[in-house]
Amino acid sequence: MTKSRLLIDTDPGVDDALAILMAHAHADVVGLSIAAGNVGLGHTVGNALKLVDVIGAQTPVFAGCPVPLVLPAADAGFVHGVDGFGDVGYLPSARQAAAEHAANAIVRLAREHAGRLTLIALGPLTNLALALRLDPELPSRVARLVVMGGAVTGRGNTHLVPAEFNTGFDPEAAHIVFSGWPQFDLVDWEACVRHAIPFASFDRMLAAGDARAQFYAAISRKARAFNESHERAGMIIADALAMAVALEPGIVTRAERHHVGVELAGALTRGATVVDWEDRLGRPANARIVLEVEQAHFEALAAAALGAHKSDAPG
Ligand code: BDR
Ligand code: CA
């Protein structure tokens with residue numbers, strides 16, 4: 001089977017890190033375009049470069065926008081660590097980011113791999129919104145777009161109660177992408193909560209894995225403690241779930257297609273995703289909202305990416 005070809009827009013971030021490991025284990029990755037989000041751009045770029053070292057890959061890393069398009073936003077260092085990778089003091093990579101801006105790289109790579117590329121967005125949509133403004137034909141060149149973002153029934157994870165972090169961090173960018181991209185898969189926060197990886201399974205993967213697992217065990221320790229202290233059913237590794245959907249479209253067992261918009265002006269709802277569940281607005285269904293996936297398959301993809309092959313791991 002031909003491997004899928006991925007371009008990953010991301011703000012690493014502990015959950016982004018597992019997603020990036022999964023992508024390199026199961027697909028060809030043509031680039032990492034980096035946004036600010038979980039932490040500032042200096043850290044997210046540094047984390048991406050370090051991860052490429054840990055993987056032993058040559059994936060180019062493109063630095064993107066240091067701030068959201070319109071208004072400043074608070075980061076998520078309280079979950080991911082001040083440096084976004086659990087503050088373990090890792091030795092920084094000697095690699096450098098490419099000179100090209102992330103938004104330009106998205107436009108160029110979509111042309112070079114026209115019709116073949118799966119684009120997956122794991123962070124605030126700032127870079128992708130700019131790329132779409134630079135090249136309005138971008139969606140026609142991309143085979144598939146998968147977005148991790150939104151909270152489809154308003155149970156978000158930010159101080160803006162109904163908003164999820166990625167759409168809440170840069171609502172204008174999310175609005176540009178959601179209103180300009182005709183069809184995308186949406187893996188929202190609430191699906192990620194339902195698909196938390198139980199702590200025992202997570203710990204088993206880390207114990208059975210290789211150097212990637214050792215690195216991941218270190219950088220995820222703080223996030224694990226955060227998940228436990230917030231009485232979650234396990235590790236919510238949102239971006240890894242979105243990556244599983246990007247890698248294996250057949251993993252989805254329940255989904256609905258509807259129009260999804262992004263609230264920009266609400267006094268209580270800025271950054272929230274608004275789903276037309278009853279299709280009353282007469283707008284085209286831009287999103288396939290992923291509601292359930294095969295959990296064992298998801299965990300197998302994650303385990304394999306850490307070097308801990310589960311018996312039900314594909315391939
Ligand atoms: C999303 O926000 C970030 O904190 C995570 O990396 C993920 O992309 C979850 O809401
Ligand atoms: Ca992310």
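In the hydrophobic clustering of this structure, L186 does not group with V252; members are Ile, Leu, Val, Met, Phe, Trp, Tyr whose side-chain heavy atoms approach within less than 4.5 Å, directly or through other members. Residues F165 and V152 do not share a hydrophobic cluster, clusters being chains of Ile/Leu/Val/Met/Phe/Trp/Tyr side chains in contact below 4.5 Å. If you chain together hydrophobic residues whose side chains sit under 4.5 Å apart, L49 and I34 fall into the same group.
Side-chain N or O atoms of D83 include none that pairs as donor or acceptor with a backbone N or O of H43 at under 3.5 Å. The main-chain N or O of H175 is found under 3.5 Å from a side-chain atom of S179 such that the two form a donor-acceptor pair. In this structure a side-chain-to-backbone donor-acceptor pair under 3.5 Å is missing from D135 to A131. Formation of a donor-acceptor pair under 3.5 Å by the T273 side chain with backbone atoms of A151 is found in this model. A donor-acceptor contact shorter than 3.5 Å links the side chain of E263 to the backbone of A265. Checked by atom type and distance alone, the side chain of D170 never pairs as donor or acceptor with a backbone atom of N166 at under 3.5 Å. Between the side chain of T167 and the main chain of A174, no donor-acceptor pair closer than 3.5 Å is present. No donor-acceptor pair closer than 3.5 Å links the side chain of N227 to the backbone N or O of M235. Of the possible donor and acceptor atoms, one in the side chain of E190 sits under 3.5 Å from a partner among the backbone N and O of G154.
For the pair L306 and D210, the minimum side-chain heavy-atom distance is 4.5 Å or more. Contact of the Y216 side chain with the V14 side chain is registered, since non-hydrogen atoms from C-beta on lie closer than 4.5 Å. The side-chain heavy atoms of V274 and V260, taken from C-beta on, include no pair separated by under 4.5 Å. You'll find the side chain of W189 stays beyond 4.5 Å of the side chain of R155, heavy atoms only. With contacts defined as side-chain heavy-atom distances shorter than 4.5 Å, the pair H24/I20 qualifies. At least one side-chain heavy atom of L291 sits under 4.5 Å from a side-chain heavy atom of R194. Counting heavy atoms from C-beta outward, L247 and M22 have side chains that approach closer than 4.5 Å. Under the 4.5 Å side-chain criterion, counting only non-hydrogen atoms from C-beta, V293 is in contact with L241.
Using a 4.0 Å cut-off between a side-chain N of Lys or Arg and a carboxylate O of Asp or Glu, E112 and R108 qualify as a salt bridge.
Counting only residues at least two apart or in different chains, side chain to side chain donor-acceptor pair (under 3.5 Å) contacts with residues 7-23 comprise D9-S33, D9-N127, T10-D16, D11-N38, D16-N38. Note on residues 90-121: no pairs pass ring pair (Phe, Tyr, Trp, His ring centres under 6.0 Å), not counting sequence neighbours.
Legend: residues meeting side chain to side chain donor-acceptor pair (under 3.5 Å) with R221, ordered by chain and number and at least two apart, are absent.
Residues H195 and E292 bring a donor and an acceptor atom of their side chains to less than 3.5 Å of each other. Checking H258 against D279 by side-chain atom types alone, a donor-acceptor pair falls below 3.5 Å. Residues R257 and Q183 have side chains that bring a donor and an acceptor to within less than 3.5 angstrom of each other.
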TODO: Go through the steps to decide whether T158 and E164 satisfy the test side-chain hydrogen bond (donor to acceptor under 3.5 Å, both in side chains), and finish with yes or no.
DONE: CA-CA 6 Å; T158 69; E164 176 278 335; over 6 Å; no
- [ ] Any chance you could lay out the salt bridge (Lys or Arg N to Asp or Glu O under 4.0 Å) test for D185 and R144, step after step, and finish with the verdict?
- [x] CA-CA 8 Å; D185 281 357; R144 198 170 160 228; 2.9 Å; yes
TODO: Show your working on salt bridge (Lys or Arg N to Asp or Glu O under 4.0 Å) between R270 and E172 and close with a plain yes or no.
DONE: CA-CA 10 Å; R270 180 173 156 77; E172 281 74 18; 2.9 Å; yes
TODO: Kindly determine whether M243 and L21 satisfy side chain to side chain contact (heavy atoms under 4.5 Å, CB included), including the steps that lead there.
DONE: CA-CA 10 Å; M243 185 58 74; L21 290 168; over 6 Å; no
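Annotation for R232: atom CZ counts as buried by contact number, over 12 foreign heavy atoms lying within 6.0 Å.
Relative ring orientation between F184 and F178 is described as tilted, the plane-to-plane angle lying within the 30° to 60° band.
Hydrophobic cluster of F226: the remaining members, joined at side-chain heavy-atom separations below 4.5 Å, are F78, V79, listed by chain and number. Hydrophobic cluster of V107: the remaining members, joined at side-chain heavy-atom separations below 4.5 Å, are L134, listed by chain and number.
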Can you give each donor-acceptor pair under 3.5 Å made by side-chain atoms of residues 117-124, sequence neighbours left out, with the distance rounded to 0.1 Å?
none

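Put simply, CG on D53 and CG on L91 are 9.0 Å apart, with the number rounded to the nearest 0.5 Å.
When every heavy atom of N47 is checked against every heavy atom of G13, the shortest pair comes out as ND2-N, 4.1 Å.
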